[in-house]
A.B. asks: 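What follows is a single structure, and I will ask about it in a moment.
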Amino acid sequence: MTDQKPFVDIRHAQKSYGTLEVLKDISLQVQRGQIVAIIGPSGSGKSTLLRAINDLDPLTGGEVWLEDTQVNKKLPHRQYEKHINQVRQDIGMVFQHFNLFPHLTVRDNIKLAPKLLKGLSDAEADKLAEEQLEKVGMLERIDYYPSRLSGGQKQRVAIARALAMKPKVMLFDEATSALDPELVEEVNLVMKKLAEEHMTMIIVTHEMGFAESVCDRVLFMDQGVVVEEGPPEVIFRNPSNERTRNFLRKHLATANK
Amino acid sequence: MGLDFSVIPKYLDVILLGALWTIAITVAAALLSFIGGILFAVIALYAPRAIRLPFRAFEWLFMGTPLLLQLFLIYFGLVQIGIDLPAFVAGVIGLGLHFAVYNSELIQTAIVAVDRGQMEAARTLGLSRGEALRKVVVPQAVRDVIPPIGNNMIALLKDSALVSVIGVGELTLSAQLAIGRTYRPFEFYVLAAVFYYVINLGMEAVLRRVERRVQASR
Ligand SMILES: Nc1ncnc2c1ncn2[C@@H]1O[C@H](COP(=O)(O)OP(=O)(O)O)[C@@H](O)[C@H]1O
Ligand SMILES: [Mg+2]
């Protein structure tokens with residue numbers, strides 16, 4: 001596996017907000033079908049790194065590649081917009097606060113982008129919406145407005161919406177952090193299912209148990225650097241770095257409260 | 001000379017016709033003010049500076065001066081530069097643009113208030129900024145200000161009486177016509193008031209229906 005060309009390739013990512021350096025020379029390679037978790041204290045730069053992958057927060061230095069395409073390549077503004085809109089279709093993203101479109105039904109939330117950007121007919125888009133909702137167990141709510149769904153249901157719809165674009169990679173930014181504890185599991189199950197289908201995923205999470213059970217690799221970030229990375233059994237059971245150990249100890253203490 | 005409402009039936013068709021014109025001009029101007037309001041809001045927020053600055057002046061003209069003057073300017077003034085509009089069209093444009101500017105203010109505020117995550121989610125799916133505005137942000141903003149826009153539409157109905165001065169045969173002008181023949185101002189102004197009130201009730205009913213439909217998505 002490791003001799004393969006990386007599927008997602010982040011090279012020397014650097015990001016500053018004014019004088020505040022949020023990402024300090026981070027490199028990360030993810031193979032096709034691999035699932036990587038990013039953990040770390042709040043403010044360590046996890047979201048910024050994730051959002052650099054689809055250029056939602058553009059890097060100030062370094063490169064992001066998806067297969068053979070450089071995501072953040074230098075182009076004149078208009079060309080860049082065309083390029084990035086194309087690339088983003090291949091990168092699904094799921095947010096902490098779901099960001100469903102409240103003025104549209106579940107069905108239309110999912111149909112919007114495929115119809116607009118891939119030229120699907122209304123019937124094709126309907127079929128696609130039904131397939132994706134079936135997959136996340138939300139088919140029976142297809143004609144609901146988001147306001148009438150629970151948090152867990154909203155997040156499952158948001159995942160279906162991203163999947164409807166048939167992305168090559170899925171990014172999750174604390175997908176379950178805003179959920180009531182009893183709603184976390186239904187979203188985790190959907191993500192596990194994606195893992196079984198070998199979807200390439202990068203998952204920012206606070207749920208160590210979940211990360212351990214689905215991920216191939218775990219990165220621990222702190223203050224804009226990757227402090228330690230490795231297979232989950234090493235990072236969670238036997239981390240070599242002092243900062244990793246401290247973080248996990250504190251995290252377990254608060255999680256068990 | 002006491003009141004005598006028995007003169008009304010003879011002029012009822014004149015007044016009814018005036019009421020129809022009032023409805024026509026109100027509906028046409030309301031549509032213009034709604035679509036114009038959306039367009040103006042997007043221009044005010046997102047157009048390049050070269051367009052935004054002249055647009056500010058245009059906005060000031062419509063917010064900072066009397067509607068009556070605007071109607072005179074459009075109907076009598078534009079003739080001098082070769083634009084000779086029928087009174088009805090001039091009235092629709094004057095009322096429509098005037099209220100479009102007020103609607104635009106409401107919609108601008110609402111666009112800015114739409115959660116940033118909405119734009120982000122749309123862009124993440126691959127929508128361009130323009131597509132995201134058109135399909136995601138603006139529809140939500142408009143939905144959020146339907147009630148105050150409705151209030152503007154009611155105000156528009158009432159201000160439509162002003163187009164009588166440029167000779168649109170709407171309700172107020174029809175009443176004046178009947179008064180000119182009968183010298184019965186009280187009777188006919190009261191009658192016109194009743195008609196305005198009824199049209200107003202009709203508009204409120206329509207607005208409530210729209211609001212209820214919008215409410216379904218909340
Ligand atoms: N738009 C911004 N402007 C200035 N600083 C920001 C901005 N976005 C994030 N930051 C800062 O960048 C750092 C990393 O943030 P973030 O990537 O959100 O961390 P995490 O997701 O790990 O909690 C934080 O110190 C945060 O305050
Ligand atoms: Mg974060």
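Letters A, B, ... are given to chains in the order of the sequence lines, protein chains preceding strands, and every chain is numbered from 1.
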A.B. asks: With respect to chain B, which residue among A:Leu100, A:Ile84, A:Leu104, A:Asp55 yields the maximal number of heavy-atom pairs within a distance under 4.5 Å?
C.D. replies: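 Winner by heavy-atom pair count: A:Leu100.
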A.B. asks: Would B:Leu125 and A:Leu116 count as a side chain to side chain contact (heavy atoms under 4.5 Å, CB included) here? Give the steps.
C.D. replies: CA-CA 10 Å; B:Leu125 290 166; A:Leu116 195 63; over 6 Å; no
A.B. asks: Would you say the side-chain atoms of A:His103 pair up with the backbone N or O of B:Ala141, donor to acceptor, closer than 3.5 Å?
C.D. replies: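 Absent.
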A.B. asks: What residue, out of A:Leu56, A:Leu171, A:Asn54, has the most heavy-atom pairs lying under 4.5 Å from chain B?
C.D. replies: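 Looking at each option in turn, the highest pair count goes to A:Leu56.
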A.B. asks: Would B:Glu131 and A:Leu117 satisfy side chain to side chain contact (heavy atoms under 4.5 Å, CB included), going step by step from the backbone distance to the final call?
C.D. replies: CA-CA 10 Å; B:Glu131 288 164 339; A:Leu117 306 175; 3.6 Å; yes
A.B. asks: Measuring heavy-atom distances to chain B, does A:Glu81 have an atom under 4.5 Å in its side chain, in its backbone, in both, or in neither?
C.D. replies: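 Just its side chain gets close to chain B.
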A.B. asks: Which bit of B:Arg123 comes within less than 4.5 Å of chain A, counting heavy atoms only: side chain, backbone, both or neither?
C.D. replies: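 Backbone plus side chain of B:Arg123, per the 4.5 Å heavy-atom cut-off to chain A.
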A.B. asks: Would one find more than 12 heavy atoms of other residues, nucleotides or ligands at under 6.0 Å from atom NZ of A:Lys111?
C.D. replies: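 Yes.
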A.B. asks: For B:Arg52, does the CZ atom have more than 12 heavy-atom neighbours from other residues, nucleotides or ligands under 6.0 Å away?
C.D. replies: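 Buried by this count: over 12 neighbours within 6.0 Å.
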A.B. asks: Is A:Phe101 in contact with chain B via its backbone, its side chain, both, or neither, using a 4.5 Å heavy-atom distance?
C.D. replies: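 Both parts, backbone and side chain.
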A.B. asks: Return the minimal non-hydrogen interatomic distance between B:Gln118 and A:Pro102, and the atom names on each side.
C.D. replies: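 Answer, listing the atom of B:Gln118 first, then A:Pro102: OE1-CD, 3.4 Å.
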A.B. asks: Pick whichever of A:Gly92, A:Ala164, A:Ala113 has the most heavy-atom pairs under 4.5 Å with chain B.
C.D. replies: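 When all of A:Gly92, A:Ala164, A:Ala113 are compared, A:Ala113 has the most.
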A.B. asks: Counting only heavy atoms not in B:Trp21 (residues, nucleotides, ligands), do more than 12 fall under 6.0 Å from its CH2?
C.D. replies: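 For B:Trp21, atom CH2 is not crowded (no more than 12 foreign heavy atoms under 6.0 Å).
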A.B. asks: B:Thr124 and side chain to side chain contact (heavy atoms under 4.5 Å, CB included): which partner among A:Arg161, A:Arg88, A:Met93?
C.D. replies: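 That would be A:Met93.
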A.B. asks: For atom CD of B:Gln80, is the number of surrounding heavy atoms from other residues, nucleotides or ligands below 6.0 Å larger than 12?
C.D. replies: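 No, the 6.0 Å shell around CD holds no more than 12 heavy atoms from other groups.
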